[in-house]
Chemist: 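Dropping the structure in here first, questions after.
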Protein chains: 2
Amino acid sequence: METVQRPMRADARRNYERLLTAAHAAFAEQGTEASLEEVARTAGVGIGTLYRHFPTRRALLEAVLHDSLAGLDTRARELLGSGSPGEALLEWTRHLMAHVTVYRGLAATLMSSFDDPASELYGACERVRVGGDALLASAQRAGAVRDDVTGADLTKLVNAVAWAGEHCDDDTAERLLTLVMDGLRAGNRRS
Amino acid sequence: METVQRPMRADARRNYERLLTAAHAAFAEQGTEASLEEVARTAGVGIGTLYRHFPTRRALLEAVLHDSLAGLDTRARELLGSGSPGEALLEWTRHLMAHVTVYRGLAATLMSSFDDPASELYGACERVRVGGDALLASAQRAGAVRDDVTGADLTKLVNAVAWAGEHCDDDTAERLLTLVMDGLRAGNRRS
DNA sequence: ACCTGAACACCGTTCAAGT
DNA sequence: ACCTGAACACCGTTCAAGT
C-alpha cells in the first residue's frame, strides 16, 4: 500500500525530522517504552506536535524503523541467489536477530503487531515474514529444513529468542538461537 | 532459604489474605501489570497496606504464585520415576507452559527474574530450573535429548515460547512448542 | 504493630487557543 | 496548516499522622 506523500510545510518537515532523530536516540537509550514527552522535549517541539505527526507510539516506531526493516527484505532477496539455501536462511536469521534487538522492547512490539492488521507495524512485519518465507521455502526445497515450518513460525521463533536475549547475556542468546535453528533442520520432525 | 514466619496480628493476616485474593483476580483479568491501587481497593485496604506487605509487585506475584510454582517442582520429581525419560520431559514441559501462562505478562516477569538474584521471584525460578535440570539430565542419559542443552536453556526456551503464545492463537503456541522440543532431540546437533 | 490516605512525581493523550 | 502547552486522567510510591 503506497502512501502518496503530500508536500509538507517547511517547519512541519523540520519538526518531523527532528522527532525521528530524537525518537531514535530515546529508543536506543531507554527502549521502546521511552517517554514520548521526553522525545518531544529533545526534539524541541510541543507534545501536541509529536501526536500530530505520530498518533501512536507504534506509528513513531514504524517511521523510525521503516528503512531498517525494508533492508531486511532486500537482504532476503540477495541471499536467495547465494550458495547453500540452508546457509542463506541461517545468515538471514542472524540479520533478523540484529534488527529486532536494536531497541530493548522492540521484539515485544513486533510480536504484538505480527497478527494485528490494525498495528502501524503490521506492514513491516508482513514484509519481514515474506522475506523469511522465500528463504525458508528455498531451504525446504533443498531438504535443509523440515517442511512443516512456516515463515510466520520462523519469524516468531526468532523474535521470541531475541526477546529472551534481552534478559540474558549475549552468549546465551546465541546458544538459544542455535538450538532453535538446529532444531528446524529436516529429519527432526516427530509429531 | 526457609523464612521463619512470625505470627501476624489478626487484622494484618486478614488483610494479607484479602490482598492475595484480590491480586490473583486482578492478575488473571488484566495481567501482571494490573493496577496495584485497584488491587488494594478490591481488597478493601489502603494502598500503604499493600506496600507494607508486598514492597514490590514481584513480591506480590511471588506470594500469589508460590504454591503453583512449587507444585511444578513436585511434578518434576514425580515424573522422574515414570516410564520414558523423553516423554517425561515433554509432559513436564507442557506443565511448565500451563503455569507460565496463567497470567498475561507472567512469562516476561519470570524471564527477567531468571538471572536476577535480587528478584523476589529468583528462588521460584531456581526451583523450576532445578526440576527441569533433573528431567533433562535423565532424558539426556537416555539419549533422547542433545547433550549440550542445560536446564536454563530449556526453561528459557519454554518461557520464550509461552511469551510468544500470548500474541498468537493457542494452535500456533502449540506448534512453536513442538518445533522447539522436537528440535532438542539428540542427533540434531550441528554446531 | 499496623493501617490510612494525602502528597508527590511522572506519564499519556486531548484539545482550545494561537500563529 | 500547523504548533503549543495547559488540562485531564491515571498510576506508582512514600510517609506523616493516626489507632
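Every chain is numbered from 1, with letters handed out A, B, ... down the list of sequences.
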Chemist: Going by heavy atoms closer than 4.0 Å, what residues in residues 23-31 of chain A are next to DNA chain D?
Modeler: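 When residues 23-31 of chain A is checked for heavy atoms under 4.0 Å from DNA chain D, there are no hits whatsoever.
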Chemist: Is B/Arg58 paired with B/Glu62 through a side-chain N to carboxylate O contact shorter than 4.0 Å?
Modeler: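 No, no charged N to carboxylate O under 4.0 Å.
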Chemist: Give a yes or no on whether a salt bridge exists between B/Asp133 and B/Arg129, defined as a side-chain N under 4.0 angstrom from a carboxylate O.
Modeler: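 Salt bridge present between B/Asp133 and B/Arg129.
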Chemist: Below 4.0 angstrom from OP1 or OP2 of C/dC2, is there any side-chain N or O of B/His53?
Modeler: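 B/His53 to C/dC2 OP1/OP2: no side-chain N or O under 4.0 Å.
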Chemist: Identify the heavy atoms of B/Gly131 and B/Asp73 that sit nearest to each other, and give their distance.
Modeler: CA-OD1, 3.7 Å
Chemist: Rounding to an integer number of Å, can you tell me how far B/Arg41 CZ sits from C/dG5 P?
Modeler: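 Those two atoms, CZ and P, are 12 Å apart.
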Chemist: Quick one: B/Arg18 CZ to C/dC2 P, roughly how many Å, whole number?
Modeler: 17 Å
Chemist: For C/dC3, take OP1 and OP2 only and decide whether either is under 4.0 Å from a side-chain N or O of B/Asn15.
Modeler: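 It does, given that an N or O in the side chain of B/Asn15 lies less than 4.0 Å from OP1 or OP2 of C/dC3.
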Chemist: What contact category does B/Thr49 fall into here, base, sugar-phosphate, or nothing, at under 4.0 angstrom with non-hydrogen atoms?
Modeler: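 It contacts base atoms.
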Chemist: Parallel, tilted or perpendicular for B/His95 and B/His99, by the 30°/60° rule?
Modeler: tilted
Chemist: Can you measure B/Leu50 atom CG to C/dG5 atom P for me and round it to whole angstrom units?
Modeler: 14 Å
Chemist: To the nearest Å, how far apart are B/Glu38 CD and D/dC11 P?
Modeler: 7 Å
Chemist: Polar atoms only, N or O, under 3.5 Å: list the protein pairs with nucleotides 13-19 of chain D and their distances.
Modeler:
| unit_1 | atom_1 | unit_2 | atom_2 | d |
| --- | --- | --- | --- | --- |
| D/dT13 | OP2 | B/Tyr51 | OH | 2.6 |
| D/dT13 | O5' | B/Tyr51 | OH | 3.3 |

Chemist: Rounded to whole angstroms, how far apart are CG on B/Leu19 and P on C/dC2?
Modeler: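 Answer to the nearest Å: 14 Å.
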Chemist: Report the distance from atom CG of A/Leu61 to atom P of C/dG12, rounded to the nearest whole Å.
Modeler: 13 Å
Chemist: Grab the CZ-C1' distance between B/Phe54 and D/dG12 for me, whole Å please.
Modeler: 17 Å
Chemist: Between A/Arg75 and A/Glu78, does at least one N-O distance fall below 4.0 Å, as a salt bridge requires?
Modeler: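 Yes, this pair counts.
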Chemist: With a 4.0 Å cutoff (strictly under), does any side-chain N or O of A/Ser35 reach OP1 or OP2 of C/dC10?
Modeler: no
Chemist: From CG of B/Asp11 over to P of C/dT4, roughly how many Å is that when rounded to an integer?
Modeler: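 Answer to the nearest Å: 9 Å.
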Chemist: Between the side chain of B/Asp153 and the main-chain N/O of B/Thr150, is any donor-acceptor distance below 3.5 Å?
Modeler: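 Here the side-chain-to-backbone pair exists.
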Chemist: Taking the side chain of B/Ala12 as heavy atoms from C-beta outward, which of D/dC11, C/dC2, C/dC11 is closest to it?
Modeler: C/dC2
Chemist: Going by the rule ring-ring contact (aromatic ring centres under 6.0 Å, His included), which residues pair with B/Tyr103 if we only count those two or more places apart in sequence or in a different chain?
Modeler: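 Residues passing ring-ring contact (aromatic ring centres under 6.0 Å, His included) with B/Tyr103: B/His24, B/Phe27.
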Chemist: Just by modelled atom types, is the B/Gln30 backbone N or O under 3.5 Å from a matching donor or acceptor in the B/Arg104 side chain?
Modeler: yes
Chemist: Sequence neighbours excluded, which residues qualify as side-chain contact (heavy atoms from CB on, under 4.5 Å) partners of A/Ala59?
Modeler: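 Testing A/Ala59 for side-chain contact (heavy atoms from CB on, under 4.5 Å), a comparison that skips the adjacent residues, returns A/Phe54, A/Pro55, A/Thr56, A/Glu120.
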Chemist: For A/Asp171, is there an ion pair with A/Arg175 - N to carboxylate O distance below 4.0 angstrom?
Modeler: no
Chemist: Identify, with sequence neighbours excluded, every residue that meets side chain to side chain donor-acceptor pair (under 3.5 Å) alongside B/Ser84.
Modeler: none
Chemist: How does DNA chain D look in dot-bracket notation if pairs are Watson-Crick or G-U with both distances under 3.5 Å, crossing ones as [ ], other-strand ones as |?
Modeler: ||.|||||...|||||.||
Chemist: Can you confirm whether more than 12 heavy atoms, excluding those of A/Asp169, are under 6.0 Å from its CG atom?
Modeler: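 Yes, the 6.0 Å shell around CG holds more than 12 heavy atoms from other groups.
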